[in-house]
Every structure is written in C-alpha cells, then in structure tokens.
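Notes follow once the structure below has been shown.
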Amino acid sequence: QVQLVESGGGLVQAGGSLRLSCVASGRTLSYYAMAWFRQAPGKEREFVGRITWTGGSTSYVDSVKGRFTISRDNAKNTGYLQMNNLKPDDTAIYYCAAGRPVSSRWEYEYWGQGTQVTVSS
C-alpha cells in the first residue's frame, strides 16, 4: 500500500553536495521514523541516519556526522537527506525506509528502490 520513491542522486566531485528526496504515497506515514541506508558494491547495507516523525530526534552513523542532515516535511510526505562535503567513500545506492521502534529495536516496514550516488576524486 505504501510506496517510497527516492530521487536526487547523481555524479558529483569530492567536496560537493547533493540532496536526496524520498516521497511516500499510498497513505500517510504518521508516527513512522524516516531512515536512510546505503549499499556500495560488494559491501553490506549500512545505516546512514534516522529522524523521528516529529523531527525532534535524529541519529547518524559516525562516518557522516557533521556532513549529512536528515529532515522531513510531513505535510508533503517527504523526507530529505542533505549530503555535504561528499567523499568517494560515500559512493553507494541510497535507500529510504520508514519504520517504528519494536521491542527496543527499529523495524523498517517500507523501503524505496534506491538512487545512485557517485562521488569522484
């Protein structure tokens, strides 16, 4: 029922910036946190960051802290990942996901298909 679609990926030089968007359709995602993950070729999927439904709390993996910013606009059912000072190691397919805390763990029920981010030296 819920569909998530990412956009905004592309090719950028090291030090550049990109903003990814994640639009939800089908129904609203009230009370769901919005998270971002990424996966590089030959690597495991990695958690990037998360924002609560209210936007009152965010969490980031150490490697992107200070460079990436997660935000959301609930009226538009859209989440964002602003990526600054990009590095070649940031190259990956980026996925958005929506989830809730269950039994002290995050459970992500809905996933997008991903958008490619490539950072050149």
Side-chain angles (χ1 to χ4, degrees):
Q1 186 69 27
V2 174
Q3 304 286 334
L4 302 180
V5 179
E6 304 94 336
S7 63
L11 175 64
V12 65
Q13 292 184 331
S17 299
L18 286 172
R19 189 184 75 162
L20 306 184
S21 298
C22 176
V23 180
S25 62
R27 69 175 179 89
T28 59
L29 294 176
S30 297
Y31 310 112
Y32 283 77
M34 179 71 70
W36 290 90
F37 295 80
R38 65 186 181 184
Q39 186 167 24
K43 303 292 185 179
E44 296 182 346
R45 186 184 64 192
E46 177 187 31
F47 169 80
V48 176
R50 177 181 58 248
I51 185 170
T52 59
W53 181 76
T54 64
S57 180
T58 55
S59 180
Y60 302 92
V61 67
D62 287 345
S63 61
V64 308
K65 189 176 182 179
R67 299 188 298 119
F68 291 9
T69 302
I70 294 175
S71 61
R72 66 190 300 165
D73 186 339
N74 290 340
K76 297 181 178 180
N77 290 320
T78 302
Y80 304 95
L81 178 64
Q82 178 67 48
M83 304 183 293
N84 298 325
N85 192 24
L86 283 161
K87 304 175 180 179
D89 286 348
D90 295 320
T91 296
I93 300 175
Y94 283 71
Y95 301 89
C96 65
R100 302 170 296 166
V102 179
S103 299
S104 301
R105 299 172 61 183
W106 286 96
E107 181 177 289
Y108 297 102
E109 300 181 41
Y110 309 104
W111 293 80
Q113 291 185 304
T115 185
Q116 177 70 49
V117 172
T118 303
V119 184
S120 64
S121 300

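For the single chain, residues carry numbers from 1 onward in sequence order.
- Here CZ of Arg72 is found 13.5 Å from OG of Ser21. Values are rounded to the nearest 0.5 Å.
- With sequence neighbours excluded, the residues that form a ring pair (Phe, Tyr, Trp, His ring centres under 6.0 Å) with Phe37 are Phe47, Tyr108, Trp111.
- No path of Ile, Leu, Val, Met, Phe, Trp and Tyr side chains, each step under 4.5 Å between heavy atoms, connects Tyr94 with Val23, placing them in separate hydrophobic clusters.
- In plain terms, the two heavy atoms of Trp53 and Asn74 that are nearest each other are O-ND2, 2.8 Å.
- Counting only heavy atoms from C-beta outward, the side chains of Glu109 and Arg100 approach each other to under 4.5 Å.
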| message | For a side chain to side chain contact (heavy atoms under 4.5 Å, CB included) check, start with the C-alpha distance between Gln82 and Phe68, then their side-chain angles and the critical distance, and finish with the verdict. | response | CA-CA 5 Å; Gln82 178 67 48; Phe68 291 9; over 6 Å; no

| Test side chain to side chain contact (heavy atoms under 4.5 Å, CB included) applied to Ser63 and Glu46, step by step | CA-CA 11 Å; Ser63 61; Glu46 177 187 31; 4.0 Å; yes

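- Atom-to-atom distance recorded for Leu11:CG and Gln116:CD is 9.5 Å, nearest 0.5 angstrom.
- The closest donor-acceptor contact from the side chain of Thr54 to the backbone of Gly56 lies under 3.5 Å.
- Between the side chain of Thr115 and the main chain of Gly9, a donor-acceptor pair closer than 3.5 Å is present.
- Residues Met34 and Cys96 come closest through the heavy atom pair SD-CB, 4.2 Å.
- With rounding to the nearest 0.5 Å, the separation of CH2 in Trp36 from CD1 in Ile70 is 8.5 Å.
- Residues Leu81 and Val61 are members of one and the same hydrophobic cluster, defined by side-chain heavy-atom contacts under 4.5 angstrom among Ile, Leu, Val, Met, Phe, Trp and Tyr.
- Taking CG from Leu4 and OH from Tyr110, the interatomic distance works out to 9.0 Å, rounded to the nearest 0.5 Å.
- By the criterion of side-chain heavy atoms lying less than 4.5 angstrom apart, applied directly or through intervening Ile, Leu, Val, Met, Phe, Trp or Tyr residues, Leu20 is grouped together with Tyr60 in one hydrophobic cluster.
- Considering only residues two or more places apart in sequence or on other chains, Gln113 meets the side chain to side chain donor-acceptor pair (under 3.5 Å) condition with none of them.
- Note: the hydrophobic cluster containing Val64 does not contain Tyr95 (ILVMFWY, side chain heavy atoms under 4.5 Å, direct or indirect links).
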| message | Between Trp106 and Arg50, does the side chain to side chain contact (heavy atoms under 4.5 Å, CB included) criterion hold? Intermediate values first, please. | response | CA-CA 10 Å; Trp106 286 96; Arg50 177 181 58 248; 3.2 Å; yes

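- Here OG of Ser25 is found 9.0 Å from CD of Gln1. Values are rounded to the nearest 0.5 Å.
- Note that the CG atom of Asn84 and the CZ atom of Arg67 stand 9.0 Å from one another [nearest 0.5 Å].
- Qualifying side-chain contact (heavy atoms from CB on, under 4.5 Å) partners for Val119, counting only residues two or more places apart in sequence or in other chains: Val12, Ala14, Leu86, Pro88, Asp90, Thr91, Val117.
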| request: Show your working on side chain to side chain contact (heavy atoms under 4.5 Å, CB included) between Tyr80 and Arg19 and close with a plain yes or no. | output: CA-CA 7 Å; Tyr80 304 95; Arg19 189 184 75 162; 3.8 Å; yes

